[in-house]
Amino acid sequence: MGARTIIVMNVIPLGCTPGFLSFVSGSNATVLDSDGCVASVNTLVNLHNTDLQQLITKLRIELSLPNLVLFDANAIYSDAIRHPSKYGI
C-alpha cells in the first residue's frame with residue numbers, strides 16, 4: 001500500500017538556539033542578526049532549506065509524489081522568536 005503522505009521537516013534557525021548563542025560573548029554582538037541570533041549559522045540554514053525546497057519540488061515531479069510535503073518548522077520557530085506572545089511565551 002505504501003505511504004500516503006511523506007512529510008519532510010526543514011531545519012530550524014540553529015543560530016537562535018542556546019548551543020550556538022553560548023559561543024557569542026558581549027564583544028561579539030555584531031555577529032547577531034536583528035532577531036538576536038547568530039547570523040552566519042542562520043545563513044547556512046537558509047541555504048540548506050532553500051535547496052531542500054527545490055529538491056522536494058523536483059522529487060514531486062520526477063517521482064510522481066504529489067503528497068511529498070515540506071513542514072516549514074523554520075518559519076514557525078522564527079515566528080515564535082519574533083512574536084513570543086502569540087505562543088504564550
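A quick note: this is a predicted structure, and the numbers were derived from the prediction, not measured.
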Search all heavy atoms of P13 against all heavy atoms of I81 and return the closest pair with its distance.
CG-CD1, 4.4 Å
Kindly indicate whether the side chain of V38, heavy atoms from C-beta on, has any atom under 4.5 Å from the side chain of L32.
yes
Is I56 reachable from I6 through a run of I, L, V, M, F, W or Y residues, each pair having side-chain heavy atoms under 4.5 Å apart?
yes
Any side-chain hydrogen bond (donor to acceptor under 3.5 Å, both in side chains) pairs touching residues 80-89, not counting sequence neighbours?
D35-R82, D79-K86, D79-Y87
Nearest heavy-atom pair of L68 and L59: which atoms, and what distance?
CD2-CB, 3.8 Å
Does L52 belong to the same Ile/Leu/Val/Met/Phe/Trp/Tyr cluster as V45, with side-chain heavy atoms less than 4.5 Å apart forming each link?
no
Would L65 end up clustered with V8 when hydrophobic side chains under 4.5 Å apart are linked, directly or stepwise?
yes
When you compare the side chain of Y77 with that of N10, does any pair of heavy atoms fall below 4.5 Å?
no
CZ/F20 to CG/L14 distance, rounded to the nearest 0.5 angstrom?
5.5 Å
Nearest non-hydrogen partners of L21 and C37, listed with the distance
CD2-CA, 4.1 Å
If I take atom CZ from residue R60 and atom CG from residue L63, how far apart are they, to the nearest 0.5 angstrom?
12.0 Å
Do D33 and T43 come within less than 4.5 Å of each other through their side chains, counting heavy atoms only?
no
Can you tell me how far apart NE2 (H48) and CG (L55) are? Round to the nearest 0.5 Å.
9.5 Å
Do V69 and I61 land in one hydrophobic cluster if side-chain heavy atoms of ILVMFWY residues count as linked below 4.5 Å?
no
Identified side chain to side chain donor-acceptor pair (under 3.5 Å) counterpart of Q53 within the set T57, T50, N49:
T57
Are any non-hydrogen side-chain atoms of C16 and N42 less than 4.5 angstrom apart?
yes
